[in-house]
Peer 1: 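Here it is, the structure in full.
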Amino acid sequence: MAATSRQVEPARVAEPGEGISLEELALASRNHAMPAEALRDELTPAGLHYVLCHYDIPAIDPATWRLRLDGCVERALELDLQALQSMPSRTVRVTMECAGNGRAALAPRPVSQPWLSGAVGTAEWTGVPLADLLRDAAPTSGAVEVAFTGADHGFERGVEQDYERALPLGDALADDVLVAYAMNGAPLPVQHGFPARLVVPGWYGMAHVKWLVQVRVLDRPYDGYQNTVAYRLRQEPEDPGDPVSRIEPRALLLPPGDPDFLTRERILRPGRVTLSGRAWSGWGPVVAVSVSTDDGDTWREAEVESAVEAEVETAAGQQDHRWAWRRFTLAWDATPGTHVLRARATDSTGREQPIVPQWNLGGFANNADQPVVVLVLDS
Ligand SMILES: Nc1nc2c(c(=O)[nH]1)N[C@H]1C(S)=C(S)[C@@H](COP(=O)(O)O)O[C@H]1N2
Ligand SMILES: [Mo]
């Protein structure tokens, strides 16, 4: 459904010192983060993967669900779940991250889902390559973009809409883009898009449209809300801004020791610890991770698992896991006192995590490194 003609309400930025509101808390408790201890797992169990739903989770009966592929194509398609599942499939291991991850750490804070650093997870998605479906439908020569519609519906800053996002045709045809019906080898959990969702490896979460019901090939640039209004990097409301697309590099430390219940401060005993964590980027593989144990005064290079080590033989054949995070490790002699740990990733394109966040009105792509406060006991 097209957006109604009502004026788009402006996005809001919190006043200096304004706390997280009950509205933001309600969003934060609907849309949960991945607990940091899940960084120990290469594959995030589905129940620990972060969740972000703009509206309500729609009720879908898999028996009547259909995926339509139409628009500027020679041959429109309509598939039921069985037809989709009987096509040749592919499994891709993907680290997915919400573009709003890190938003709550920005000052001033854009008022929206207040993520700290946990809006991430890595899953194995199984589905049909979108390129195969598009090839069957045969886009006409004027095709430039592809729009993806979810079954969920709501209002956002006054604009009524189905959740819908578009990709340039070239990105939609990339061989790892999937219409996925399984997550970690099981049917998609409802909150992750049952019965089928788009998976666009390397892109921030907003591109991975859940509860997919329609794929529409367009002969002109898409002008829907989520591409032209919502996910833009802008400083001022009137800036057209740049589109949010691929995931910026980020490293997260697996918090060492034991947590304090309230503060989440980490408590451990002195001695040698192996610090570890996982790092990812949607632009190219992470090639280096620097770790600081003195709040950024000095940095040391961690050991980063190589692409070869990350390669795994599966029943389906060799997989390179180039879209999945990589583990890093560093030995640390923990001495009594309070320490602030930090980690920063650099990818193969030379993109590097900043120390100072890049502020923008939507609070997107804040990949500044996250501190982990550690109290090392006397003995
Ligand atoms: N249909 C639909 N698809 C959606 C969304 C949504 O609200 N509706 N949220 C998007 C956003 S912003 C993110 S970050 C990811 C989150 O995917 P997950 O909940 O499976 O982690 O889904 C994306 N796909
Ligand atoms: Mo997101």
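Just follow the structure's listing: the first ligand is 1, and inside any ligand the first atom is 1.
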Peer 1: Among Gln353, Arg342, Arg344, which residue satisfies the side chain to side chain donor-acceptor pair (under 3.5 Å) criterion with Asp369?
Peer 2: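 For Asp369, the side chain to side chain donor-acceptor pair (under 3.5 Å) check succeeds only for Arg342.
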Peer 1: Look at the side chain of Tyr163 and the backbone N and O of Met206, then say whether any donor-acceptor pair between them is shorter than 3.5 Å.
Peer 2: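 Present.
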Peer 1: Out of curiosity, is Glu97 lining ligand 1, as in a heavy atom under 4.0 Å away?
Peer 2: no
Peer 1: If you look only at distance, which donor and acceptor atoms sit under 3.5 Å apart when one is on a side chain in residues 106-115 and the other is two or more places apart or in another chain?
Peer 2:
from	atom 1	to	atom 2	distance (Å)
Arg109	NE	Glu24	OE2	3.1
Arg109	NH1	Glu18	O	3.0
Arg109	NH2	Gly19	O	3.2
Arg109	NH2	Glu24	OE1	2.9
Arg109	NH2	Glu24	OE2	3.3
Ser112	OG	Arg103	NH1	3.4
Gln113	OE1	Asn31	ND2	3.2
Gln113	NE2	Asn31	O	3.2

Peer 1: Could you list which atoms of ligand 1 come closer than 4.0 Å to a heavy atom of His208?
Peer 2: 22 (O), 23 (C), 24 (N)
Peer 1: Which option, Tyr55, Trp211, Tyr231, owns the non-hydrogen atom nearest atom 12 (S) of ligand 1?
Peer 2: Tyr231
Peer 1: Could you tell me whether Glu124 and Arg93 make a salt bridge, using a distance below 4.0 angstrom between a side-chain N and a carboxylate O?
Peer 2: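 The answer is yes: the pair qualifies as a salt bridge.
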Peer 1: Which ligand 1 atoms, with their elements, are less than 4.0 angstrom from a heavy-atom of Cys98?
Peer 2: 14 (S)
Peer 1: So if I count the atoms of ligand 1 from 1 in the order they appear, which ones are less than 4.0 Å from some heavy atom of His49?
Peer 2: 21 (O)
Peer 1: Mark up the atoms of ligand 1 that fall under 4.0 Å of a heavy atom belonging to Cys53, in ascending order.
Peer 2: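 Heavy-atom distances to Cys53 below 4.0 Å select 7 (O).
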Peer 1: Considering the heavy atoms of Met96, write down every atom of ligand 1 situated less than 4.0 Å from one of them.
Peer 2: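 Heavy-atom distances to Met96 below 4.0 Å select 17 (O).
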Peer 1: Yes or no on ring pair (Phe, Tyr, Trp, His ring centres under 6.0 Å) for His208 and Trp125, after CA distance, side-chain angles and deciding distance?
Peer 2: CA-CA 11 Å; His208 305 231; Trp125 302 97; 7.8 Å; no
Peer 1: What atoms of ligand 1 come closer than 4.0 angstrom to any heavy atom of His54?
Peer 2: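 Answer, ordered by atom number: 6 (C), 7 (O), 9 (N), 12 (S).
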Peer 1: Just need the protein heavy atom nearest to atom 2 (C) of ligand 1, so name the residue and atom and give the distance.
Peer 2: Tyr163 CD2, 3.2 Å
Peer 1: Mark the output for Trp115 as yes if a heavy-atom distance to ligand 1 is under 4.0 Å, and as no if none is.
Peer 2: no
Peer 1: What part of Tyr50, side chain, backbone, both or neither, has a heavy atom within less than 4.0 angstrom of ligand 1?
Peer 2: both
Peer 1: With sequence neighbours excluded, what pairs up with Asp347 under the salt bridge (charged side-chain N to carboxylate O under 4.0 Å, His left out) test?
Peer 2: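 Listed in chain order: nothing, the list is empty.
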Peer 1: Which part of Asp152 is near ligand 1, with near meaning a heavy atom under 4.0 Å away: side chain, backbone, both or neither?
Peer 2: side chain
Peer 1: Check this for me: does any side-chain nitrogen of one of Arg220 and Glu145 sit under 4.0 Å from a carboxylate oxygen of the other?
Peer 2: no
Peer 1: Between Glu303 and Arg327, does any NZ, NE, NH1 or NH2 come within less than 4.0 Å of an OD or OE carboxylate oxygen?
Peer 2: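 Here Arg327 does not pair with Glu303 in a salt bridge, since their nearest N and O are not under 4.0 Å apart.
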